[in-house]
There are 2 protein chains.
Amino acid sequence: MKSQTSHKVIVPDAAGALRRQYCNIGDASLRSGVSSKMIRHYEATGLLPEVHRTAANYRLYSEEDINQLRFIKRARSLGFSMKQIARLVSLWQNKSRSNADVRNLAMEHVADLDTRIREMQEMRHALHVLAVRCHADGEPECPILDSLAVEYPDRAD
Amino acid sequence: MKSQTSHKVIVPDAAGALRRQYCNIGDASLRSGVSSKMIRHYEATGLLPEVHRTAANYRLYSEEDINQLRFIKRARSLGFSMKQIARLVSLWQNKSRSNADVRNLAMEHVADLDTRIREMQEMRHALHVLAVRCHADGEPECPILDSLAVEYPDRAD
DNA sequence: CTTGACCTTCCCATGATAGGAAGCCTGATG
DNA sequence: CATCAGGCTTCCTATCATGGGAAGGTCAAG
């Protein structure tokens, strides 16, 4: 069985002592708010390091690992992409990072959010204008459908 | 070869006459603004009917087909999902539809947009607050990372 | 020893879109 | 008529973040 993986294996002898510091993926999930599925996925994509394993191949998470999961969780809740989060984690762990780099990353994401918010507000506005023009009286006549069905524009967007 | 498909085949005899009314997928794409890829995809998922084919199995699009593509294109640009668009198309083609149904569908989507806009505005706000607190002076000290790295919250979200 | 709750890996699905390969068809040119 | 470009066909793959589920191994309590 996979003897050439790089993570350290916690041998049974040491299990008693180490169980106090390490927890299984289920507990890591509970304590971080990240599902076990996603924890494994983050590991597979390199966002998380390969953690320790028991002799039975169970993953073992340290406090530090769990803090990293929480970091990722919070970054996700701010809408950062996985790629951005990978950069954030790397900055976080780099003691000689520049806070300017972090802020640039954040502002890049803010600009991205602004774009998407604006697009959705435009959709929202257009739709709402159509909806208030609709009598909604049970008749087939409907300005919303009429607007979608305009015939003339013979050009690609 | 696939003799049991349901679409009508335009036989070569009729080709001359029908070429004036029908166009290939590339032209349909240009005239509707929907990529050929997506036109085929919409057909595969049942959003579009199976169109006519030439004897060589090329798809042929009528004016009506192209209008339906434009309808879909505009609904997409308003952010409706494919499922919602399927409902919209079906209402559009139902001459005894109720405009109340259409407006309900639209308002459902408006509510959805509102939710997503609000979520993104909250992210945007939180991030911006952090970003303006960051000196961005090249030092490692960074309130953005600090905020992501808070240690205490030992609970699932 | 059995049982149930956990863990492992592997595969599949979502939704809308795009890229690409391999092969056939068509129209225009030499 | 032969050829060549470009358009068409189908089929497979990828994206992004997430989750569902199967088949099988592990562990602790009874």
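Protein chains get the first letters and strands the later ones, always in sequence-line order, with residue 1 at the start of each.
Atom-to-atom, NE2 of B:H41 to P of D:dT13 comes out at 17 Å; the value is rounded to the nearest Å. C:dC6 atom C1' lies 14 Å from atom OH of A:Y61, rounded to whole Å. Regarding A:E119, its CD atom lies at a distance of 16 Å from the P atom of C:dA16, rounded to whole Å. With rounding to whole Å, A:E43 atom CD is found 12 Å from C:dC10 atom P. If you take CZ of A:R53 and C1' of C:dC6, they are 15 Å apart, rounded to a whole angstrom. Rounded to an integer number of Å, the gap from A:K37 NZ to D:dC16 C1' is 17 Å. Between A:K73 atom NZ and D:dA17 atom C1' the separation is 12 Å, expressed in whole Å. Atom NE2 of A:H52 and atom P of C:dC7 are 18 Å apart (whole Å).
Using bins of under 30°, 30° to 60° and over 60° for the plane-to-plane angle, the ring pair A:Y22/A:H52 lands in the perpendicular bin.
Residues B:V51 and B:L60 fail the side-chain proximity criterion, which asks for heavy atoms closer than 4.5 Å.
Using a 4.0 Å cut-off between charged side-chain N and carboxylate O, B:E141 and A:R97 make no salt bridge. Electrostatic pairing of A:E43 and A:R53 counts as a salt bridge here, judged by a charged N lying under 4.0 Å from a carboxylate O.
Among the heavy atoms of the strands, none lies under 4.0 Å from A:F80. Contacts of A:M38 with the nucleic acid, taken as non-hydrogen atoms under 4.0 Å apart, include base atoms.
When the side-chain nitrogen and oxygen atoms of A:R76 are compared with OP1 and OP2 of D:dT18, one or more of them lie within a distance under 4.0 Å. Remark: B:S35 is in phosphate contact with C:dA18, judged by side-chain N or O atoms under 4.0 Å from OP1 or OP2.
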Should A:T115 and A:D112 be marked as a side chain to side chain donor-acceptor pair (under 3.5 Å) after you check the CA-CA gap, both sets of side-chain angles, and the distance that decides it?
CA-CA 5 Å; A:T115 300; A:D112 204 59; 5.5 Å; no
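Remark: of the listed residues B:S96, B:S90, B:S98, B:S96 is the sole one forming a side chain to side chain donor-acceptor pair (under 3.5 Å) with B:N94.
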Per-nucleotide protein contact string for nucleotides 1-8 of chain D, where B marks a base within reach and S marks sugar-phosphate only (heavy atoms under 4.0 Å, - for neither)
------BS
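Linking ILVMFWY residues whenever their side-chain heavy atoms come closer than 4.5 Å, directly or via other members, places A:Y61 and A:W92 in the same cluster.
In terms of position along DNA chain C, the nucleotide closest to B:S81 lies nearer the 5' end than the nucleotide closest to the other residue of the pair B:S81 and B:A56.
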